[in-house]
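Below: one structure, written as structure tokens.
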Amino acid sequence: MNNKKDYICSTGWLAGTHPVMSVGAGILVLAFVLFTVSDPEYANALYGAAKNFIAKELAWYYVGLVSVILFLVIGLVFTRFGSIRLGKDTDRPEFSNFSWFSMLFGAGIGIGILFWSIAEPISYFQGNPFIAENQQLTVEAAQVAMRVSIFHWGLHGWALFAMIGLILAYFSYRKGLPLSIRSSLYPIFGERIYGPIGHIADLLAVFGTVFGIATSLGMGAQQMNTGLNYLLGVEVSTSTYILLIAVISVIAMISVITGVDRGIRILSELNMRLTMVILGLFVVFGPTAYILGALVTNFGDYVVHAVELGFWVDPDPESQWQGWWTIFYWGWWLSWSPFCGIFIARISKGRTIREFILGVLIAPTLLAVAWITIFGNTAMFIELFGNGGVVAAANADTTMALFKTIELMNTNSWVVTVMAGICTFMLVTYFVTSADSATLVVCTLISMGDSEPLARYRVFWSVAIGAVASTLLLTGGLAALQTATIVAALPFSFILIMAIYGLFKSLLEEPLPGQLLKAAAVVSNDELLTRRPDVAVATVSL
């Protein structure tokens, strides 16, 4: 097996990176930005046509793939492979469970769920394929809306992160390969992963990471601006968006330079504590009994319907709902899986496969259920049993759904200000966590799996991601690139399938615990033969 150092530049301005990956990543990002901003309408039409083709012709593929991966991941927990450690048998986790969970949740979906936890169920509340037209805006519609929202943020999506994270951690820490997507293909292609095949796999990961984070930064800046406008009267404008992106990029750069153990970990733990605070405030100052009842109901409702929803393909060829929502979500989870998978693998060395899967699947899903229920059902209560107003606000401006719900909770003005302030601050901190994690992942990819890439590359890619987001916002190409990122998930899905095959192929070659003991006994006896043949023979006879 070749050493990854054989492919790394030792001197020059590309020192510490793979030259093809470093230059190729820069060219890829620049080319797509230039193509998109040169004619945003044409680019949006092109990417949109590709996305519509996927939604119409390949919905069955996305739905089937995600559900099968969930079952494979869960199945591994109950096999003998679950006790295999992601690293040497003597390795132990680097981070506590709280730090580990905080980092994987913050990098994965923290900002997205803050944005959509009210806006998404409110959208389904007004109509979806699982309710009749006369059920819209009813108690029944509210329950279905919560069910579908939780489904999109639950086990199926996290199974993608768990699978790719497991594959990368296994091949990197157990087999000694680079912490990069190419390593997952080693059982199939062998040393050829260090050539064009590996470059393509890693460049797809760079594409999904850079543009996924850039589009999220752009959209998040808009909601942050809304929060600042609500709290302080800050003007909602493109210039404010750019300023917010610049501030986030600088903070993310500082965080990523300080490393995982300090900057990223500390920010992630802060995010989790703030999350607990804001959820507690919603329960205390919202319709407490209604929310607590909804927590029990929604959890049970999700468990009962998760498999059914996971395998549902819309039979109506004219309907666009599944393409707009479920297929979009599965594409987004797929496009983010290289980034989140590498980062989760990076912080998971020393855990067993069983511990890793249960942690990545169950803990974030439970928090997602609680978060969407507490936020979403508060909004539903206002619409069904209060004075309403959330639906109208969300339809007029999606970014206002969260702040309008807080305003309509009929509590003291200072409580409204505190809650809105915490949510706005969380938008910043969760975005910083995602941005610095993404920067670290890109630098790891161009450095052939180096978990501590040089600081100058961390600075460059922090600035580059912010610049991409700002450029797309200024030129109107943000929506186009978001669609392109989803389309890029299709070719990566084929790499993921090969990687899963490679994982199971390698796992089947892992010796059973009994075989390890037998091998150790044989080795011990062989050593004994060289020193005391009489004792060794007696031992064998026994």
Side-chain angles (χ1 to χ4, degrees), residues 1-2 4 18 21 58 61-62 64-77 79 81-82 84 86-87 104 108 156-209 212 330-346 348-349 351 353 356-357 360-361 441-442 444-445 448-449 451 488-510:
M1 185 182 297
N2 291 336
K4 70 179 182 181
H18 188 294
M21 281 301 303
L58 296 177
Y61 171 72
Y62 273 56
L65 176 65
V66 173
S67 291
V68 167
I69 288 175
L70 173 59
F71 280 99
L72 289 175
V73 169
I74 293 175
L76 278 172
V77 173
T79 66
F81 307 124
I84 294 174
L86 299 174
L104 72 90
H156 287 76
W158 279 102
L160 293 172
F161 289 178
M163 179 59 82
I164 194 65
L166 171 62
I167 291 169
L168 295 171
Y170 173 80
F171 282 114
S172 179
Y173 301 131
R174 187 81 178 174
K175 300 300 181 181
L177 291 165
L179 183 59
S180 59
I181 301 299
R182 69 178 72 221
S183 298
S184 64
L185 305 178
Y186 189 87
I188 301 174
F189 299 106
E191 299 296 326
R192 286 180 291 171
I193 65 168
Y194 297 104
I197 293 173
H199 300 334
I200 292 171
D202 282 349
L203 285 174
L204 278 172
V206 170
F207 182 95
T209 300
W330 290 173
W332 193 251
W333 283 93
L334 274 167
S335 68
W336 271 52
S337 63
F339 148 50
C340 290
I342 290 175
F343 182 75
I344 293 171
R346 166 67 181 80
S348 301
K349 183 179 181 180
R351 297 184 183 273
I353 288 179
F356 176 90
I357 292 173
V360 176
L361 273 187
V441 166
V442 172
T444 298
L445 286 168
M448 290 291 287
S451 60
L490 181 60
F492 181 76
S493 71
F494 303 138
I495 293 174
L496 180 56
I497 290 172
M498 289 188 287
I500 293 171
Y501 169 79
L503 172 68
F504 280 88
K505 182 176 184 294
S506 187
L507 284 175
L508 289 171
E509 295 170 358
E510 288 272 354

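For this chain, numbers begin at 1 and follow the sequence in order. Basis for what follows: all heavy atoms, side chains included, without hydrogens, waters or symmetry-related copies.
Taking 4.5 Å as the limit, some side-chain heavy atom of Leu65 sits within range of a side-chain heavy atom of Ile497. Between Phe343 and Thr444 there is no side-chain heavy-atom pair separated by less than 4.5 Å. Side chains of Phe339 and Val442 form no contact here, defined as non-hydrogen atoms less than 4.5 Å apart. Between Tyr170 and Leu503, the closest side-chain pair of non-hydrogen atoms falls below 4.5 Å. Side-chain contact between Leu507 and Ile353 is present, with heavy atoms from C-beta onward closer than 4.5 Å. Two residues are said to be in side-chain contact when any heavy atoms from C-beta on lie closer than 4.5 Å; Val206 and Met21 meet this criterion. When side chains are defined from C-beta on, Val66 does not count as touching Leu70, because their heavy atoms never get closer than 4.5 Å. With contacts defined as side-chain heavy-atom distances shorter than 4.5 Å, the pair Leu166/Val73 does not qualify.
The closest donor-acceptor contact from the side chain of Arg182 to the backbone of Ile193 lies under 3.5 Å. Using modelled atom types, no side-chain atom of Ser67 and backbone atom of Gly64 make a donor-acceptor pair closer than 3.5 Å. Under the 3.5 Å distance criterion, the side-chain polar atoms of Ser335 are left unmatched by any main-chain donor or acceptor of Gly208.
Of all the heavy atoms in Leu185 and Ala499, the pair that sits closest is CD2-N, 4.1 Å. Smallest separation of non-hydrogen atoms from Ala489 and Tyr62: C-OH, 4.0 Å. Of all heavy-atom pairs spanning Leu179 and Ala345, the tightest one is CD1-CB, 3.9 Å. Listed here is the closest heavy atom pair of Ala162 and Phe356: O-CE2, 3.3 Å. Considering all non-hydrogen atoms of both residues, Tyr173 and Leu86 come closest at CB-O, 3.5 Å. Ser183 approaches Phe171 most closely through the heavy-atom pair O-CG, 3.9 Å.
To the nearest 0.5 Å, the span separating CG on Leu160 from CH2 on Trp330 amounts to 8.0 Å. Separation of atoms NE2 (His156) and CG (Leu361) is listed at 10.5 Å; rounding is to 0.5 Å. Atom-to-atom distance recorded for Tyr194:OH and Tyr186:OH is 6.5 Å, nearest 0.5 angstrom. Distance SG/Cys340 to CZ/Arg346: 15.5 Å, rounded to 0.5 Å. Taking CD1 of Ile164 as the start and OG of Ser184 as the end, the distance is 5.0 Å to the nearest 0.5 Å. Of the inter-residue distances, the one linking Arg174 atom CZ with Ile84 atom CD1 reads 6.0 Å to the nearest 0.5 angstrom.
In this pair, Trp158 and Trp333 present their aromatic rings perpendicular. The plane angle is above 60°, beyond the 30 to 60° band.
The environment of OH in Tyr501 is sparse: at most 12 heavy-atom neighbours from other residues, nucleotides or ligands sit within 6.0 Å.
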Practice task
Decide side chain to side chain contact (heavy atoms under 4.5 Å, CB included) for Lys505 and Ile188; before the verdict, give the C-alpha distance in whole Å, the side-chain angles of both, and the deciding distance to 0.1 Å.
Solution key: CA-CA 9 Å; Lys505 182 176 184 294; Ile188 301 174; 5.9 Å; no
Problem - Check against side chain to side chain contact (heavy atoms under 4.5 Å, CB included), Ile181 and Leu204 - result: CA-CA 9 Å; Ile181 301 299; Leu204 278 172; over 6 Å; no
Exercise for the section: Before giving the answer on side chain to side chain contact (heavy atoms under 4.5 Å, CB included), spell out for Ile344 and Phe161 the whole-Å C-alpha distance, their side-chain angles and the decisive distance to 0.1 Å. Expected result: CA-CA 8 Å; Ile344 293 171; Phe161 289 178; 4.1 Å; yes
